[in-house]
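Every chain is numbered from 1, with letters handed out A, B, ... down the list of sequences.
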Amino acid sequence: MLDPKLVRSNPEAVAEQLSKRGFKLDVSLLMELEEQRRSLQEKTQQLQAERNAYAKSMGKAIAAAKAAGEDIEPLKAKGEELKNAVHEAEKALEAVQNALESYLLEVPNIPDEQVPHGLSEDDNVEIRRWGEPRQFDFPVQDHVDLGSTDGGLDFEVATKIAGSRFAVLRGHLARLHRALIQFMLDTHTAEHGYQEVYVPFIVNRDALLGTGQLPKFEEDLFKLDDEREFYLIPTAEVPVTNLHREDIVADPLPVKYVSHTPCFRSEAGSYGKDTRGLIRQHQFEKVELVQFVRPDQSDAALEELTAHAEAILKKLALPFRTIILCGGDIGFSAARTYDIEVWVPSQNKYREISSCSNFRDFQARRLKARWRNPDTGKPELLHTLNGSGLAVGRTLLAIVENYQRADGSIVIPDALKPYMAGLETIPGP
RNA sequence: GGAGGGAUGGCUGAGCGGUUGAAAGCACCGGUCUUGAAAACCGGCGUGUCGAGAGGCACCCAGGGUUCGAAUCCCUGUCCCUCCGCCA
């Protein structure tokens with residue numbers, strides 16, 4: 001959520017900045033609600049003050065009246081009147097505050113100055129490339145064909161037991177999948193200073209409000225049929241970032257977590273997109289990096305975090321490029337996002353494998369995630385960041401395709417061999 | 001699943017329906033003292049929100065209710081603890 005003070009004190013400037021992402025801030029609605037809020041709040045608080053003062057004086061007044069043998073009913077009646085007036089004012093104020101709050105909850109974050117202009121993914125800007133896409137001297141197969149030979153990658157049986165957009169992995173590929181997870185976790189904990197956390201895969205509504213998936217993106221989530229309003233997590237970002245909801249972080253910042261979780265997405269609105277293969281699934285695994293940092297450190301932290309994700313691809317010798325998302329393509333809660341795209345030979349292009357974002361204080365404000373600034377001694381909002389490090393299914397896909405040989409076998413990257421009991425290649429048909 | 005007991009400021013922990021936004025201790029900050037530190041002593045010290053400011057308002061798990069007045073009474077929910085049962 002944006003700082004309400006900023007929005008009401010400078011609505012035109014905020015609207016201008018939000019237009020960069022194609023969002024139209026309803027300034028007149030906002031101003032009108034704000035005006036109502038102000039006058040109602042004034043009135044309510046004045047009445048509350050009156051009631052409080054009156055109630056305070058009542059103890060003595062009643063005692064005095066009783067001693068004098070007077071009727072105390074009139075004293076009570078005045079209190080009753082005040083009570084009712086306060087109630088009414090409070091209700092009106094609450095209604096306006098709710099309207100204001102629910103509007104603000106659906107306003108996206110202000111994009112960073114460095115975010116390129118543009119309204120579609122075509123306007124994203126490439127920052128850097130690493131590695132050379134391999135030249136193949138034989139017809140390239142995609143991972144679906146490569147995996148189908150020994151049933152290592154089986155979409156049909158997954159359809160039977162669940163439905164479309166699910167996969168079953170078997171044998172070497174299942175092991176490779178597990179190896180990737182271990183490898184990523186080990187790298188981030190041992191080399192990049194992250195603490196590993198294991199978290200719930202089911203979260204409540206408050207958690208999703210905190211990170212910004214709700215209230216606006218309910219249709220992307222799997223909701224459980226349960227009166228407790230449970231949802232399957234769409235990313236580890238939700239449980240991990242919520243670790244510090246309504247918290248004043250005591251640890252020295254930055255606090256860095258890495259977590260491996262499954263992710264569940266209904267992918268509403270993506271029908272017909274990437275229907276083949278592992279790219280877009282209802283269930284996939286991800287190793288996620290999350291950081292809580294001092295506000296003045298978050299820009300640097302995003303560069304660092306992105307480099308941590310890139311390090312995995314470098315160790316796996318998978319060619320990639322890093323792009324910065326333009327205003328129109330950036331996520332709801334993010335101020336700045338780098339996508340890392342890995343080379344996918346069968347598609348002859350780079351495809352997203354990680355998304356690293358700085359949310360500034362946007363999530364922190366919703367979460368009430370704070371730290372105690374030693375300079376002021378006061379609790380202040382901190383900044384949150386996260387990034388995939390990496391999406392496991394897509395990494396598996398990239399390995400299978402980039403490391404394929406003419407006979408359909410797949411070479412195991414050196415970095416993964418220790419996790420594969422020394423296996424050198426996954427044999428072809 | 002059954003039976004009890006809890007939830008108060010960064011932590012521990014008092015709190016009679018009215019003078020309690022909240023005792024006390026710890027921690028923390030400032031000062032005195034000291035060559036320095038510790039100890040001792042003095043003072044300060046919750047969060048949010050509105051306001052230019054003075055100051056106001058809200059908050060004692062959450063939501064309802066009773067009352068002129070609720071941290072204190074009632075109801076519902078959530079979470080935690082103890083005992084019994086069951087269980088990967």
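In terms of position on RNA chain B, the residue among A:Lys78 and A:Gln48 whose nearest nucleotide sits closer to the 5' end is A:Gln48.
At the phosphate of B:C57, OP1 or OP2 sits under 4.0 Å from a side-chain N or O atom of A:Asn52.
In this structure, the ring-ring contact (aromatic ring centres under 6.0 Å, His included) partners of A:His244, at least two apart in sequence or on a different chain, are A:Tyr257, A:Phe292. Considering only residues two or more places apart in sequence or on other chains, A:Phe230 meets the ring-ring contact (aromatic ring centres under 6.0 Å, His included) condition with none of them. A:Phe332 meets the ring-ring contact (aromatic ring centres under 6.0 Å, His included) test with A:Phe217, A:Phe362; sequence neighbours excluded. A:His192 meets the ring-ring contact (aromatic ring centres under 6.0 Å, His included) test with A:His188, A:His308; sequence neighbours excluded.
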Q) What is the per-nucleotide protein-contact pattern of nucleotides 70-79 of chain B, from the 5' end, where B denotes a base atom under 4.0 Å from a protein heavy atom, S denotes such proximity for sugar-phosphate atoms only, and - denotes neither? A) ----------
Q: Report, as a single string ordered 5' to 3', how protein heavy atoms within less than 4.0 Å touch nucleotides 44-54 of chain B: B base, S sugar-phosphate only, - not at all.
A: ---SSSSS---
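For the 3.5 Å distance criterion, the side chains of A:Ser298 and A:Asn358 qualify, holding a donor opposite an acceptor. Neither side chain, A:Ser266 nor A:Asp220, offers a donor N or O lying under 3.5 Å from an acceptor on the other.
In this structure, A:Arg365 CZ and A:Leu2 CG are separated by 7.0 Å, a value rounded to the nearest 0.5 Å.
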Q. Taking it one step at a time, do A:Glu267 and A:Arg165 satisfy salt bridge (charged side-chain N to carboxylate O under 4.0 Å, His left out)?
A. CA-CA 10 Å; A:Glu267 300 285 356; A:Arg165 293 198 189 277; over 6 Å; no
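For the P atoms, the distance from B:U32 to B:A37 is 11 Å, rounded to whole Å.
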